[in-house]
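Because the structure is predicted, anything quoted here is derived from the model rather than measured.
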Amino acid sequence: MNEVRSEPARRPHPLLDRLGATGSLVCAVHCALLPLVIALLPSLGIAVWLGEDFEQGFVVFASLLGLFTLAWGYRRHRAVRALGLLLPGLAALWLGVLYAPLHHTLVPHAITMTFGGTLVGLAHLANLRLNHGHVLDARCAH
């Protein structure tokens, strides 16, 4: 009889998860430091570049990259751990960007965006581990 073999789904390049993790964690640091830096932005002349459109664009990019890489990873490893971090992280980011009372309150907005960005970054790191990618940690021999 003809036996049909299904090949495992090819995973996207681990660079995508690393890019997502780095970007999300940098975003979290940005959001955590924003209340301290907000007073400097007008004097530096870059407030327009780091405005609402930039923030919304970054959330759209983080959402698309996260959903693509983690959905692809889920097809391979079938573990929901990474998705369990990604979805609440994206929900927090979208809430912080779209919910006007939260978006226009400096400290709660910064906390929400930091929390969301951290969860998205941790989701990418979890996906790397689940896909057997190497993540530098205490067990490394180098």
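Between atom NE2 of residue His124 and atom CG of residue Leu70 there is a gap of 6.0 Å, rounded to the nearest 0.5 Å. In this structure, CG on Leu125 lies 8.0 Å from OG1 on Thr22, to the nearest 0.5 angstrom. The CZ atom of Arg81 sits 14.5 Å away from atom CG of Leu86, with the distance rounded to the nearest 0.5 Å. With values rounded to the nearest 0.5 angstrom, Thr112 atom OG1 is found 9.5 Å from Leu93 atom CG.
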Between Leu67 and Leu87, does the side chain to side chain contact (heavy atoms under 4.5 Å, CB included) criterion hold? Intermediate values first, please.
CA-CA 9 Å; Leu67 289 170; Leu87 297 178; 4.2 Å; yes

From CA spacing to verdict: side chain to side chain contact (heavy atoms under 4.5 Å, CB included), Phe61, Leu65
CA-CA 6 Å; Phe61 177 74; Leu65 180 66; 4.2 Å; yes

Intermediate values then yes/no, side chain to side chain contact (heavy atoms under 4.5 Å, CB included), Tyr99 and Thr105
CA-CA 10 Å; Tyr99 184 58; Thr105 313; over 6 Å; no

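Residues Val59 and Leu83 share a hydrophobic cluster, clusters being chains of Ile/Leu/Val/Met/Phe/Trp/Tyr side chains in contact below 4.5 Å. Taken together through direct or relayed side-chain contacts under 4.5 Å among Ile, Leu, Val, Met, Phe, Trp and Tyr, Phe58 and Val120 form parts of separate hydrophobic clusters. Linking Ile, Leu, Val, Met, Phe, Trp and Tyr residues whenever their side-chain heavy atoms come within less than 4.5 Å places Leu64 and Met113 in a single cluster.
Under a 3.5 Å cut-off, the side chain of His109 and the backbone N or O of His104 do not form any donor-acceptor pair. Although no hydrogens or angles enter the test, the distance criterion places no donor-acceptor pair under 3.5 Å between the side chain of His103 and the main chain of Leu98.
Between Tyr74 and His77, the two ring planes are perpendicular [angle over 60°; tilted spans 30° to 60°].
A pairwise comparison of heavy atoms in Ala123 and Ala82 identifies CB-O, 3.4 Å as the closest pair. Of all heavy-atom pairs between Asn127 and Gly73, the closest is OD1-CA, 3.7 Å.
Side-chain contact between Val60 and Trp94: present, with at least one pair of heavy atoms (C-beta onward) separated by less than 4.5 Å.
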